2 protein chains.
Amino acid sequence: MKPTVHDIAAHAGVSLATVDRVLNGRAGVREVTRLRVEEAVTALGFVRDVAAANLAKGRVYTFTFILPANDNSFMIGLRAEVEQAARRASGERMAIRIVDVPAFDTGALVAALEDAQAGMPDGVAFVAIDAAEVRAAAENLLAAGIAVVTLVSDLGGTARTHYAGIDNIAAGRTAGMLTGRFLSGRAGPVLPLAGSLMVRDHRERLQGFSAVMTERFPERAILAPVEGRDDPATAERMVEEALAAHGDLCGIYSFGAGNRGLIRAIERLPTQMRPVVILHELTDVTRLALVADLIDAVLNQDAGHEVRSAIRVLKAAADGSKVVEAQERIRIDIFLKDNLP
Amino acid sequence: MKPTVHDIAAHAGVSLATVDRVLNGRAGVREVTRLRVEEAVTALGFVRDVAAANLAKGRVYTFTFILPANDNSFMIGLRAEVEQAARRASGERMAIRIVDVPAFDTGALVAALEDAQAGMPDGVAFVAIDAAEVRAAAENLLAAGIAVVTLVSDLGGTARTHYAGIDNIAAGRTAGMLTGRFLSGRAGPVLPLAGSLMVRDHRERLQGFSAVMTERFPERAILAPVEGRDDPATAERMVEEALAAHGDLCGIYSFGAGNRGLIRAIERLPTQMRPVVILHELTDVTRLALVADLIDAVLNQDAGHEVRSAIRVLKAAADGSKVVEAQERIRIDIFLKDNLP
DNA sequence: CCAGATCTGAGGTACGTAAATCAAAATTTC
DNA sequence: GAAATTTTGATTTACGTACCTCAGATCTGG
């Protein structure tokens, strides 16, 4: 059976109180005695039962999740995942507080981070905006001994404990590869459709996409990227304009939200005129479009996985344990109509 | 503060014992009383503290994993994942025993299942062979109240609690779609290369592949499937023969193991003669081949995820709790060289 | 050598839940 | 209607660790 503190005490020939003093680094133990206890720990392979310890301490881990009050499907889904995780977490001595901030608002995010810090939680997870002020706020959190996990969108530098999200450059590259290969034998330019090129994820996706197109498909023309502002109506207009300007447009890589508009525009085209479309995030709308052959592939990040991973990492950071690295790597899911979940 | 069983008892005006009976579904509580307790649980938002519960139960879950003593990379990796999980599990009151059986040996698997049952574990996970005797053995386990999870390869029927593996038909379909699209504009037949068509997973992959090719790419010729016996040398020879017989061979879908041989055969071909190759399982060999542009895509199932999922499901079955459905769905990972982990 | 400080041991309680034991009430049986 | 049986409620102990108190032991310095 697993050894307990009692076994340690017996093996070292000391009392429970002394074992406790040694284990918890309290004063009042002679060096000789301390060594004897530590030997017993090693000899028996004692590992503190964290659950029992937390129970005794009455400790509850508190984590704060700061989420943008965005109305696109992905963010709504992410929020739902956090809420669900929060419910389950409460049974595991974790209290998760959810804080909303206006989307794309650096000031509000910084304020929320400072606010969170004031509450001295064990950890904070947030969807980062890659700005110097945010980085500074994150560094403050770290300096205060609070674990920091960026969710979905990362911060530059190392002002965080962990990033729970996909590699957006790799995602862009993957989209480029799929676009290029799916288009083999078909002539015409390709349109990159961003949400906003101000946000880091979108810039990185474009960067990866452009790199692959240049390296592997140099003959293919890439149009100047346009911004759909993560808004269906704007995206729809952008696509219409591109189609009008380039009759031979044969590919679209959409790496922002607002894909409902893009899909509407595609739907109106005669089948043989439809470009190859690769876009991000599996939602009801994009799933249906994939099934209906309106689009060709969806790159996805699993919001549930990201949230669960963030929580595991925060918890591990809080009690100084290790995580299973492979489990915390967020995959870039590629969905064709045939492998939809 | 979080409500405890005491709060529930007070709020419902009953004793702790009654609350306990209701929470753990034990007999001996009048319907009216049961309802009162359940109301209190809802009203106070009570969530059972799993750590305290496990502590009190002092229960150690015992699970048996039966793995084929196969020497291919995937099975070796799977085994390593089980071993790693077993180490971590011991800190969470779970004891995992690993049992080896000869690969593809129905009798040995049945014997191992019966043997496992004799030890009365809380759950058994095994890589199934889809045979009637195995199904019967699994049903015996279930009848004895032991949770049964099939790993990687499923059983027909419902003789199991859960299947921790991918949908192989969908995987085959995905491979078909990628092959067909990557080949657009290029003429020539495609070769399906199986490990063995006697095993269910391989049959299903072929079935999915063939279905998509027929539906979506009817003009493309599909050669009769050949069996590489999961052996590199055999696979290599099969590919060589196919290349000799069909000078215009332009695609290979390999859905068994032994891909080292396939890759050797491809490597010898001049670049412009190389077929589109889609295969299964990301290993050192297939990863290198992908990076070197020798193959085009790798379909993968994450062994670590499968093992962790199997354990979560077994644990949940053992103590009658629920799992996060989405977390237990094993994805078909598609890897191009650009989204390698 | 004695007072004071510093170590060590023994014992207890608490955390939140599970589960066993025991007591009381309700129901059935003869 | 009393005894036997079943149902329900109350109380208590245990899990492994943290942390508290108090008493005794050992070590300081004057």
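Computed from heavy atoms alone, side chains included, the values below leave out hydrogens, waters and symmetry copies. Quick note on labels: first sequence line is chain A, next is B, and so on, each numbered from 1. As the structure is a prediction and not an experimental result, all values here were calculated from the model.
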For this session: Considering just the side-chain nitrogens and oxygens of A:R59, establish if one lies under 4.0 Å of OP1 or OP2 belonging to D:dA18.
Result: no
Problem set entry | Note: A:D122-A:R59 ion pair, threshold 4.0 Å (strictly below) | yes
Exercise. Between C:dA19 and B:R26, is there an OP1 or OP2 to side-chain N/O distance shorter than 4.0 Å?
Worked result: yes
For this session: Rounded to the nearest angstrom, tell me the gap between atom CG in A:D49 and atom C1' in D:dG16.
Result: 6 Å
Problem set entry | Short side-chain N/O contact from B:R93 to OP1 or OP2 of D:dC15, under 4.0 Å | no
Which protein N or O atoms sit under 3.5 Å from an N or O of nucleotides 7-10 of chain D?
{"residue": "D:dT8", "atom": "OP1", "partner": "B:R30", "partner atom": "N", "Å": "3.2"}
{"residue": "D:dT8", "atom": "OP2", "partner": "B:V29", "partner atom": "N", "Å": "3.2"}
{"residue": "D:dG9", "atom": "OP2", "partner": "B:T18", "partner atom": "OG1", "Å": "3.3"}
{"residue": "D:dG9", "atom": "N7", "partner": "B:R21", "partner atom": "NH1", "Å": "2.8"}
{"residue": "D:dG9", "atom": "N7", "partner": "B:R21", "partner atom": "NH2", "Å": "3.3"}
{"residue": "D:dG9", "atom": "O6", "partner": "B:R21", "partner atom": "NH2", "Å": "2.9"}
{"residue": "D:dA10", "atom": "OP2", "partner": "B:S15", "partner atom": "N", "Å": "2.8"}

For this session: Determine, step by step, whether A:Y61 and A:L314 satisfy the side-chain contact (heavy atoms from CB on, under 4.5 Å) criterion, reporting the C-alpha distance in whole Å, the side-chain angles of both residues, the deciding distance to 0.1 Å, and the verdict.
Result: CA-CA 9 Å; A:Y61 300 90; A:L314 287 175; over 6 Å; no
For this session: Ignoring the backbone of A:K57, work out which of C:dA19, D:dA18, C:dT17 is nearest its side chain.
Result: D:dA18
For this session: Write down the distance between CZ (B:R48) and C1' (C:dA18), rounded to a whole number of angstrom.
Result: 9 Å
Exercise. Taking CG from A:L55 and C1' from C:dC15, how many angstroms apart are they, rounded to a whole number?
Worked result: 4 Å
Exercise. Hey, are the side chains of B:L23 and B:V41 touching, using non-hydrogen atoms and a 4.5 Å cut-off?
Worked result: yes
Exercise. Whole Å only: how far is the CG atom of A:N24 from the P atom of D:dG16?
Worked result: 17 Å
Exercise. CG of B:D20 versus C1' of C:dT21: gap in Å, rounded?
Worked result: 14 Å
Exercise. When you look at B:R21 and B:V37, which way does the side-chain contact (heavy atoms from CB on, under 4.5 Å) test go after all the steps?
Worked result: CA-CA 10 Å; B:R21 288 189 184 109; B:V37 173; over 6 Å; no
For this session: Output the single nucleotide from C:dC15, D:dT17, C:dA19 whose closest atom is nearest the side chain of A:A52.
Result: D:dT17
Problem set entry | Nucleotide C:dG16, atom P - distance to CD of A:E92 in whole Å | 16 Å
Seminar exercise, completed: Here the distance between atom P of C:dA18 and atom CD1 of B:I8, to the nearest Å, is 12 Å
For this session: Could you tell me whether the side chain of A:D7 reaches within less than 4.5 Å of the side chain of A:F46, counting heavy atoms only?
Result: no
For this session: Check the pair B:T150 / B:F126 against side-chain contact (heavy atoms from CB on, under 4.5 Å), numbers first and verdict last.
Result: CA-CA 5 Å; B:T150 50; B:F126 67 104; 4.1 Å; yes
Exercise. Rounded to whole angstrom units, what separation is found between the NZ atom of B:K2 and the C1' atom of C:dG16?
Worked result: 9 Å
Seminar exercise, completed: Of the candidates C:dG16, D:dT17, C:dA18, the side chain of A:A53 sits closest to D:dT17
For this session: Over all heavy atoms of both residues, which pair between B:P121 and B:I146 is shortest? Give the atoms and the distance, please.
Result: O-CG1, 3.4 Å
